[in-house]
Structures are given as C-alpha cells and as structure tokens.
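The structure appears below as structure tokens.
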Amino acid sequence: MKGDIRHPGDDLRYLCLSRTACDFVFHFQLIARELSMTSGELRRGFLDYFAKRGHRIVPSSPLIPHDDPTLLFANAGMNQFKDIFLGLRVPEFRRAASSQKCIRAGGKHNDLEDVGKDGTHHTFFEMLGNWSFGDYYKAEAIEWAWEYLTSELQLPKDRLRATVHHSDDEAEELWAKIAGIPRSHISRHGDKDNFWEMAEVGPCGPCTEIHLDMGAHRGCGRPDCGPNCRHCDELHDARFMELWNLVFMQYYRDENGVLTPLPETHVDTGAGFERLCSVIQGKSSNYDTDLFMPIIRATEEKTGREYVSGAEGTPFRIIADHMRALTLAITDGGFPSNVGRGYVLRRILRRASRAGRQLGLREPFLYELTNSVVDTMGSAYPELEERRTHVATVIKREEEQFGRTLNRGIDQFETFAAELAATGSSVLDGEKVFQLYDTYGVPVDLTALMAEDMKLIIDFDGFNRCMEEQRERSRAQAKFDRAVTNFGEGLVSEFVGYETLSTEAQITGLAEGAIVLDQTPFYAESGGQVADTGELFNAEFSFEVTGVQKQGTAIVHFGKVTRGEPSIGMVVTAQVNSDLRGRTMRNHSATHLLQAALRAALGPQVHQAGSYVSPDRLRFDFTCGEAVPPGVLRQVEAMVNARIRENLPVNISHSTLDEAKASGAIALFGEKYGETVRVVRMGNFTMELCGGTHVDATGQIGYFRILSESGIAAGTRRIEAATGVTAEELAREDRDRLARISAILKVGVEDVETRIAALLDRLKEIERELEKAQTAMAGADVDSWIREAGEIGDARLLIREVTLADPKAFRALGDTVREKLGKGVALLIGHDAGKLSLMLLVTDNLTSRIQAGKLMNELAAIVGARGGGRAHMAQAGGGSPERLADLLAKAPGVVARELGN
RNA sequence: GGGGAAUUAGCUCAGAUGGUAGAGCGCCGCUUUUGCAAGGCGGAGGCCGUCGGUUCGAAUCCGUCAUUCUCCA
C-alpha cells in the first residue's frame with residue numbers, strides 16, 4: 001500500500017481485508033472534516049492555542065542536558081522545569097507551553113531495537129506540553145485538552161476515552177462535567193498507568209490520559225477492551241492509542257515512601273507530536289506523515305529503491321528516524337564517541353548505516369540526508385540551519401570510521417571462517433560471534449548474514465550467554481559507585497566569589513568531609529574551570545578545602561578538618577587561595593581569546609567541544625577536521641598575545657539568552673530559558689556566555705604560550721597552553737636547556753642544529769663501518785678455520801673459541817661460517833664476563849639428520865648453560881667457563897652420534 | 001566505571017611453537033620509452049608505543065602506563 005486514499009467508496013469495504021486498509025477507513029472519517037494540516041501548522045497551532053490562554057511559549061531545551069549528568073538526553077517536556085517542581089527555582093511565569101525535542105535511546109526508556117519495525121517507535125520525537133506552576137489545576141487542564149482536541153483538531157468526541165487514577169474522583173467528575181463523556185468511557189487504573197513520579201523521591205501525583213479509539217477491528221476484540229488493555233499488549237496491537245497525558249502534581253514522596261501534600265499544585269502534560277500528526281493527516285503510520293516522508297523520499301533517491309509500508313520498508317524507517325535523532329542531537333552539541341551519550345549516538349548512527357547497507361549503500365550517505373532533516377524541521381528549530389554543515393561533517397566522519405571498523409571485523413570473521421573450514425566444522429560458536437561483536441564491533445545481524453553466505457550455523461545461545469555474562473560484570477561493578485553525600489534539597493548558597501576572595505559565612509550543612517555555607521567566595525567546578533581551593537576557619541576550627549561542587553542550589557566544599565570540630569550555625573571565614581585563583585583567571589580569560597583567535601584563523605566552523613581551566617594549564621578542545629598547521633598555530637598564538645598587549649578591558653554584563661545570542665555572543669548549550677545569562681566581553685574581540693572568573697583586563701594575562709596541539713577524537717583537536725608566570729617559567733626552561741645543550745656541544749646556540757645533524761650522520765657512518773669491520777675481522781679467519789676443521793664421515797666439524805664482539809656481530813660471524821662450511825656442523829664459543837656464549841650451526845643439507853636446537857640443549861647442559869634454537873642455528877648462554885674443557889672433549893662424540901643416526 | 005582488542009618502515013599490514021625484523025604500496029636513484037601509464041635494476045627508510053619483569057636470549061611470554069578501536073553499564 002502506498003499513498004493516500006482520498007476518495008471514500010464501496011471498494012473500501014473490500015480493502016478492509018487488510019488491517020492497514022481498515023485504518024484508512026477509520027482515518028478517513030477523521031479527515032472527512034476537511035481538516036488538513038501540516039506538521040508545522042499543527043505545532044504552531046498547539047502553541048498558539050495555549051498562548052491565547054495566558055501561557056508563555058518556551059523554546060525546547062537542548063537535547064543534550066549539560067547540567068544534568070543523571071539524564072542522557074532530554075526525554076520529556078518537563079525536564080527544563082524540574083527545578084521549579086522541586087521548589088529550587090521560582091519561575092517568572094505561572095503558565096508555559098512548549099514543543100520539546102526528546103530522545104529515548106539507551107537508559108531506562110529504550111525503544112532503539114523496535115524502531116522501524118512498526119509505525120510508532122522512535123528514538124527522536126517531539127513532545128507537546130502545557131504547564132501550570134501553582135496556577136490553574138485539574139479543571140482547566142482537562143477543559144483545554146478536551147477543547148483543543150475536539151474543537152481545534154476536530155477529533156470525534158465519541159472516539160475519545162479518558163483514564164483516571166483509581167483514587168481520583170475529582171478528575172472523573174470533571175471529565176463527566178466538562179467534556180460530557182459518558183461514564184462508560186472513563187476508566188480507572190492503578191499506579192502503573194495513572195500515577196506519575198519524577199523519581200523515587202520527589203514531587204508526584206495522579207494523572208489522567210486521553211486515548212483515541214482506533215476502531216473495533218483493532219486489538220484483542222474482547223467486549224471489555226479499553227485503554228491500557230493487557231490483552232492488547234500481549235497481541236502488540238492496541239485498539240486504544242494514548243494521545244495525551246495530564247499529570248497533576250500534588251504530593252511529595254519522601255525517602256520512606258510517605259506522601260505529603262505539596263504547598264502548591266502543578267500541572268505537567270505531554271502529547272506525542274508524531275502520533276497527533278499521523279491522526280490529523282490520516283496516516284496509519286507516523287512515518288507516512290510529512291515529518292518523515294521527505295527523508296524517506298531522499299533515501300529513495302539515494303538508493304533508487306521504492307519505499308513500501310510493510311516489513312520491507314523497515315530500513316527506510318530506521319534511516320528516517322535515526323537521521324532525525326542524529327541531526328538534532330549533534331546540532332545541540334552531541335558527538336558520537338565511545339562513552340555515555342556519545343556512545344548512544346554512535347550506536348544510532350551505526351544502526352542507520354547498517355540499514356543503508358541493506359538497501360545497497362556501502363559508501364557514506366547519511367551525511368547527505370541531514371539536508372532533508374534540516375529542511376523539514378528547520379523552521380521549528382532554527383539552530384538546525386546554523387549548524388547544517390557541522391552536522392554533515394560529523395556524520396560523514398563517523399560513517400567513514402564505521403566503515404573501517406566493519407572492514408577490520410569482516411577480516412576477522414574470515415579468519416574465523418577459515419579456521420572452521422580447516423577443522424571441517426560448520427558451527428560458529430557463540431564465543432566467536434561475541435568476540436566479533438564485543439571486540440571488533442561487528443553487529444550480530446551482519447555476522448549472521450556472512451555466516452549464511454558461507455553455510456555456517458551460528459550458536460546464538462552461546463552468544464547470548466556471553467552477552468549476559470558481560471552485563472553481569474558491568475552491573476556488579478556499578479554497585480560500588482555512587483554513595484556520595486547529597487545535600488540538594490533545601491540548602492541555598494550564595495556565590496560571592498566574583499567580587500571577593502574572602503568572606504564571613506555560616507555553616508548550614510555538614511557531612512563527613514563536606515561543608516555547605518550560606519555564602520561563599522569558592523568557585524564550584526563548572527564550565528571547565530576547576531574549583532577553587534583554600535581554607536574555612538575561625539578561632540577554634542579550620543578546614544582545608546580541596547574541592548567544591550554545586551549540588552542543586554547548594555555549594556558544597558569538600559576537604560578535611562585540620563583543627564577543631566565544625567557545627568551547624570558556626571561562623572567561619574572562607575578564604576580562597578588567591579594565587580591559584582589568579583592563575584586560573586588568567587588561563588580562563590586566555591581561553592576566550594584563544595577561541596576567538598581560532599575562529600578568526602580557521603573560520604566560524606570552529607566550535608568548542610570542551611575545555612579545562614586549572615591554575616597551571618588551560619586546555620581547549622574544538623571541532624576541526626585536520627591538524628592545525630604549525631604556521632596557523634603560531635599565528636593564533638601571536639594574535640592572542642597581541643590582544644593581551646592591547647590590554648582590552650574585560651566587561652561583564654547580564655542579559656537574557658535571546659538578547660545575548662542576538663548580539664552575537666558565543667553560546668554553549670545547556671542554558672535554560674528564563675535564566676539571566678552572564679556575558680563576558682573582551683574589547684570587541686570576543687563575547688561569550690560564561691559563568692567563570694576572569695581578569696579585569698587582558699594585560700593581566702601577561703604572556704600566552706601554546707604548548708601542544710593534538711587530536712583527541714575523530715574531528716576534534718585539543719590545544720594546551722599556559723599563561724602568566726607558568727608560561728614565563730616554561731620559556732626560561734627552554735632557554736636554559738638550549739644553553740646547556742650548546743655548552744655540551746661546544747658550539748654557539750645558533751649552530752646547535754647543524755652540529756647535531758652532523759653528529760648523527762657521523763654516528764651512523766661509524767656504526768656502519770664498525771659493523772663492517774667486525775664482520776670482516778671475524779670472517780677473516782673463517783677460511784682457515786674451515787681448512788683446519790675436522791671431519792666426521794661426509795661432514796665437516798668445526799669447533800672454535802672466538803673473541804666475542806656484540807651479539808649482532810657474533811650472529812653475523814655464525815652466518816658467514818654456515819655459508820662457507822658447505823656441509824657440516826660448527827660450534828662457536830665466545831667468552832663474556834665469566835659467562836659463555838655458544839652458537840651451533842648446521843648447514844641446510846644436514847638439517848634432516850641433525851637439529852641444531854635439539855643438539856644445543858645437550859651441549860649446553862655440559863657447561864651448565866641453557867639455550868635452544870631452530871634446525872639450522874641455535875644459541876645458548878650462561879654456564880661456567882671452567883667446564884669448557886669438558887665440552888670440547890665431549891662435543892665431537894655427540895655430533896658424531898647424531899650424524900650417525 | 002568495568003571487560004575485550006590493537007600499537008612493527010611514510011601508508012596498509014605479515015611475522016606458528018621465544019633464536020639473524022619482512023611484504024605490498026609510496027619515496028629516491030639508475031634504466032627502458034618521443035612522452036605518459038607501466039616495466040627492469042638498485043637504494044634509503046625501524047630503540048617492533050612506554051617502562052618494568054621472566055629468560056642465556058623478548059617484536060613474540062607476564063605486568064605498568066599511554067594512545068586508539070570496541071562492547072557492557
């Protein structure tokens with residue numbers, strides 16, 4: 001089935017033989033109202049609807065939550081309001097609505113494996129939502145949701161069902177009253193479906209959901225079928241589809257699981273945007289909507305194949321879904337890597353790449369599809385347009401990397417296959433399959449395909465066993481992490497460290513090795529800048545601060561008590577180590593200059609990928625395809641130093657995110673809407689959003705010096721640099737070292753290089769001459785030795801004590817002897833510092849009768865040495881020289897005996 | 001955070017069981033050709049990632065660290 005069915009008719013009854021056709025019949029009933037809407041119109045319409053009802057329209061927060069390490073990706077509209085629900089932040093508005101970018105892949109919610117198999121699972125999706133922060137509650141939330149669906153979107157009322165929590169009589173009454181839904185269309189459910197909580201501890205409450213009846217032909221067919229039907233779940237075919245979830249936050253759940261009412265109640269809702277689109281556009285699959293079709297069409301063009309909606313279309317759907325996730329995530333600062341969320345992105349990309357291979361695309365192609373994603377979503381998320389080329393570059397590089405990994409893996413598979421063929425077996429055991437996957441990154445489905453081609457059977461049970469073992473190992477290890485004191489709730493610390501380095505403060509929180517103050521000059525580790533160190537003290541107590549972290553609104557000082565006992569309420573002096581802070585500030589300000597200089601030298605595609613600022617070094621990671629040429633690096637260094645000499649004033653101001661961006665500030669990701677941002681400017685050279693500490697004017701940096709430039713990951717480079725005294729010391733060290741070198745070489749500083757080059761040449765020449773001389777010397781007598789050699793039967797026997805040069809020359813001597821011997825056996829004996837060094841040589845024409853390695857074992861034993869070797873040559877060492885006579889006496893007999901065999 | 005693997009010539013990689021470090025491509029010189037592609041001959045280029053251990057002897061076995069790849073969390 002392909003395309004839309006636009007005309008109703010009797011023949012539709014006939015088409016009802018297939019399930020998808022039936023969906024069309026049903027969907028037709030919806031679109032028969034001639035409501036046609038693009039996804040863009042739907043998104044805008046939703047926001048407009050709530051804007052008219054007093055809601056502040058808030059942009060989606062970035063997919064990559066930089067300040068929340070517990071969260072891999074933004075996965076719900078409420079993410080950016082978490083602080084508000086926790087009571088840690090007071091919003092400047094009471095009503096908000098948004099369309100939020102979300103990714104669910106990896107972690108608890110993981111649909112990755114199911115994407116593409118049907119029309120509903122996605123890694124990336126958008127969530128429409130409206131919120132009340134202590135403002136309106138159940139009645140308005142239900143009324144507006146109902147009105148929006150039935151009036152704005154004109155969904156038929158008799159097709160909608162409501163679910164409520166079994167304890168929530170209020171919600172049921174409201175549904176009956178406001179929406180006029182018959183009681184039979186309202187169902188009650190338990191905690192699993194209709195109670196929502198943010199975490200085990202925190203705000204929570206009952207929720208109510210709106211479901212759409214897809215028609216009696218769907219699902220289990222039982223008369224009692226309804227929303228959240230478990231029979232339908234078993235069939236993987238639900239008759240009722242959840243459209244919207246309205247959460248009423250009214251409790252706080254504490255550590256013991258006890259619920260207490262919140263002082264203010266909130267509303268948090270979420271509606272799946274892709275689902276709504278498919279309903280409105282009359283499609284049976286989300287992928288048939290205008291959100292996905294442009295990407296699928298572009299894929300069709302690349303492959304020359306036609307998309308179909310059944311199982312055969314799976315690769316197309318995987319690609320379309322994954323491209324959305326990748327493009328949006330990379331735009332928001334994500335990056336494929338081998339850890340954390342970067343690893344999730346890498347997996348997504350590789351699945352997409354695999355899907356492409358199934359469609360016959362073996363060369364990188366995904367990067368070209370980013371355009372169709374940007375074109376489709378760009379108007380809703382303008383940041384996509386800004387980073388279009390960046391995203392394509394990142395994806396292309398990652399595709400190429402995957403290609404290399406696959407090739408290596410395929411080689412390894414072939415090695416395994418050859419081994420199997422040699423043993424005549426046709427079963428590839430699970431350990432091997434696991435090894436391919438675990439070590440070489442070959443997806444199991446690919447291994448299966450290759451195995452099939454070679455008529456091999458795969459032991460999947462064994463593979464799964466290995467997989468499970470690996471999971472166990474990781475889990476067992478994970479238990480030991482965690483267990484860090486968490487102050488988060490309730491405590492608030494004011495940071496006064498921009499203005500002062502020393503202040504009186506009161507202890508408000510206390511734990512083993514950790515202290516929270518009501519105000520503090522200590523900078524907490526953030527934005528790449530390391531934490532301040534210093535001391536908290538008063539007359540009877542002192543505490544050495546070694547680390548500082550932000551936990552919620554609290555600033556926690558870590559370290560150890562060196563004197564006295566701290567107690568809550570105690571007043572202390574908080575004193576930051578000003579020397580180290582000064583160095584850190586110089587480095588941080590220099591980092592801003594460096595970024596600006598890099599962009600000036602290399603272009604605006606240079607983006608910060610990470611930074612680290614400590615008292616003695618600064619590190620700046622940025623996106624860049626290839627190594628920065630040394631010339632450019634010098635130019636960048638010179639540019640930074642020029643700005644330092646200009647002594648640009650450092651100006652710090654506060655504004656909103658939008659204003660800052662509009663005036664051209666470099667913004668990182670993770671700033672939340674509604675927060676005032678801190679803008680750091682240095683003359684007209686750089687303007688960045690930054691919470692760090694800075695010098696007053698660039699002149700204070702003193703001197704800037706690049707130490708190294710290196711690659712840290714595909715597409716990412718790192719520059720390390722130093723400033724101020726550190727840079728000065730480094731320069732002095734360099735000069736002193738050069739002076740010492742020139743003293744050793746006894747030439748002027750300017751002649752050092754030519755002198756070293758000449759010396760190296762000379763050294764090499766001498767080495768070569770020496771080697772030649774030694775071989776010549778050792779070999780000079782070889783001819784006479786051979787003439788004097790004894791004979792055993794048809795073979796010569798040469799036994800000789802020689803002066804031992806280095807091992808290499810000794811071997812070369814042996815080589816010469818063996819060549820000139822013609823047919824025979826030679827035993828060379830060298831002396832070295834009370835030890836013996838033996839070498840036994842056998843000409844090739846005798847190796848069938850006598851093995852040097854074997855014989856050496858016996859001969860070496862006579863003098864107490866040990867050794868061995870191969871058939872034509874063997875070496876031994878050790879032993880005592882005084883037993884040499886014994887060896888000389890016995891050796892001919894042993895050789896004769898061997899030859900006789 | 002934990003597991004597996006890799007690191008050898010400029011590049012891609014061989015180097016069973018410890019015993020004289022190799023190939024292909026690339027590079028340089030000569031030669032053949034009107035010229036190019038190609039061919040022939042010769043050559044340069046290696047602390048076998050790092051530090052330590054075992055051994056008479058380590059590119060090879062064991063451990064440390066570094067870097068890269070990969071899987072799990």
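The figures here come from the full heavy-atom set of this structure, side chains too, leaving out hydrogens, waters and symmetry mates. A note on names: the letters A, B, ... follow the listed sequences, proteins ahead of strands, and every chain is numbered from 1.
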| Spacing of A:Gln412 atom CD relative to B:rU70 atom P, expressed in whole Å | 15 Å

| Sequence-distant partners of A:Arg619, salt bridge (charged side-chain N to carboxylate O under 4.0 Å, His left out), two or more places apart | none

| task | Using atom CD of A:Glu472 as one end and atom P of B:rG3 as the other, report the distance to the nearest whole Å. | result | 15 Å

| said: Between B:rG63 and B:rC71, how many Å separate the two C1' atoms, rounded to a whole number? | reply: 24 Å

| field | Partner residues of A:Glu363 under the salt bridge (charged side-chain N to carboxylate O under 4.0 Å, His left out) criterion, sequence neighbours left out | value | none

| query | For atom C1', what is the distance between B:rC27 and B:rG45, given to the nearest Å? | reply | 9 Å

| query | Residues in side chain to side chain contact (heavy atoms under 4.5 Å, CB included) with A:Ala355, at least two apart? | reply | A:Pro315, A:Ile318, A:Ile319

| request: Check whether any side-chain heavy atom of A:Leu840 sits under 4.5 Å from a side-chain heavy atom of A:Leu855, and report yes or no. | output: yes

| said: Between B:rG24 and B:rG42, how many Å separate the two P atoms, rounded to a whole number? | reply: 12 Å

| Residues from residues 427-438 of chain A sitting under 4.0 Å of RNA chain B, heavy atoms only? | A:Tyr437, A:Asp438

| request: Identify, with sequence neighbours excluded, every residue that meets side-chain hydrogen bond (donor to acceptor under 3.5 Å, both in side chains) alongside A:Asp459. | output: none

| field | Partners passing salt bridge (charged side-chain N to carboxylate O under 4.0 Å, His left out) against A:Arg796 (at least two apart in sequence or in another chain) | value | none

| note | note: A:Asn407, atom CG; B:rC69, atom C1'; distance rounded to Å ~ 14 Å

| said: Please determine whether a side-chain nitrogen of the Lys or Arg among A:Glu468 and A:Arg471 lies less than 4.0 Å from a carboxylate oxygen of the Asp or Glu. | reply: yes

| note | Which of B:rA5, B:rG2, B:rU70 is nearest the side chain of A:Thr439? It is B:rA5

| Residues forming a side-chain hydrogen bond (donor to acceptor under 3.5 Å, both in side chains) with A:Thr726, sequence neighbours excluded | none

| Does A:Tyr343 place a side-chain N or O at less than 4.0 Å from the phosphate oxygens OP1/OP2 of B:rC72? | yes

| query | Sub-3.5 Å donor-acceptor pair from the side chain of A:Glu399 to the main-chain atoms of A:Phe365, do we have one? | reply | yes

| request: Quick one: list whatever passes salt bridge (charged side-chain N to carboxylate O under 4.0 Å, His left out) with A:Lys854, sequence neighbours left out. | output: none

| Does a nitrogen or oxygen in the side chain of A:Arg346 sit under 4.0 Å from OP1 or OP2 of B:rU70? | yes

| query | Between B:rC62 and B:rC30, how far is it from one C1' atom to the other, in whole Å? | reply | 50 Å

| field | Carboxylate-amine/guanidinium proximity below 4.0 Å for A:Asp886 and A:Lys890 | value | yes

| query | Is there a donor-acceptor pair under 3.5 Å between the side chain of A:Asp461 and the backbone N or O of A:Gly430? | reply | no

| How does RNA chain B look in dot-bracket form if you count Watson-Crick and G-U pairs under 3.5 Å, write [ ] for pairs that cross, and put | where a base pairs with another strand? | (((((((..((((.....[..)))).(((((.......))))).....(.(((..]....))).)))))))).

| task | Find the distance A:Ile410:CD1 to B:rU70:C1' and express it as a whole number of Å. | result | 15 Å

| Quantified in whole Å, what is the C1' atom distance between nucleotide B:rG43 and nucleotide B:rC47? | 23 Å

| query | Separation of A:Glu468 atom CD from B:rG3 atom C1', in whole Å? | reply | 14 Å

| request: For B:rA73 and B:rU68, measure between their P atoms and round to the nearest Å. | output: 23 Å

| field | Distance between C1' atoms of B:rU12 and B:rG26 (Å, rounded) | value | 11 Å

| said: Run the side chain to side chain contact (heavy atoms under 4.5 Å, CB included) test against A:Gln470 and tell me which residues pass, sequence neighbours left out. | reply: A:Phe434, A:Asp438, A:Arg473

| request: Let me know the distance between CZ of A:Arg473 and C1' of B:rA73, rounded to the nearest Å. | output: 12 Å

Detail all sub-3.5 Å separations between protein N/O atoms and N/O atoms belonging to nucleotides 14-19 of chain B.
residue: B:rG19; atom: N7; partner: A:Gly868; partner atom: O; Å: 3.2
residue: B:rG19; atom: N7; partner: A:Gly869; partner atom: N; Å: 3.2
residue: B:rG19; atom: O6; partner: A:Gly868; partner atom: N; Å: 2.4
residue: B:rG19; atom: O6; partner: A:Gly868; partner atom: O; Å: 3.2
residue: B:rG19; atom: N1; partner: A:Gly868; partner atom: O; Å: 3.4
residue: B:rG19; atom: N1; partner: A:Gln875; partner atom: O; Å: 3.2

| request: Determine the interatomic distance between P on B:rA44 and the same-named atom on B:rG4; round to the nearest Å. | output: 43 Å

| Should A:Arg346 and A:Glu398 count as an ion pair when the cut-off is N to O under 4.0 Å? | yes

| message | I want to verify the glycosidic state of B:rA37; is it syn or anti under the 90° rule? | response | anti

Are any protein N/O atoms closer than 3.5 Å to N/O atoms in nucleotides 59-61 of chain B? If there are, list each pair with its distance.
none

| Rounded to the nearest Å, what distance is computed from the CG atom of residue A:Leu446 to the P atom of nucleotide B:rU70? | 15 Å

| remark: Of A:Arg471 and A:Thr405, the one whose nearest nucleotide on RNA chain B sits closer to the 5' end is A:Thr405

| query | Does any N or O in the side chain of A:Asp321 come within less than 3.5 Å of the main-chain N or O of A:Thr123, such that one atom is a donor and the other an acceptor? | reply | yes

| query | Please give, in whole Å, the distance from B:rC72 C1' to A:Arg347 CZ? | reply | 9 Å

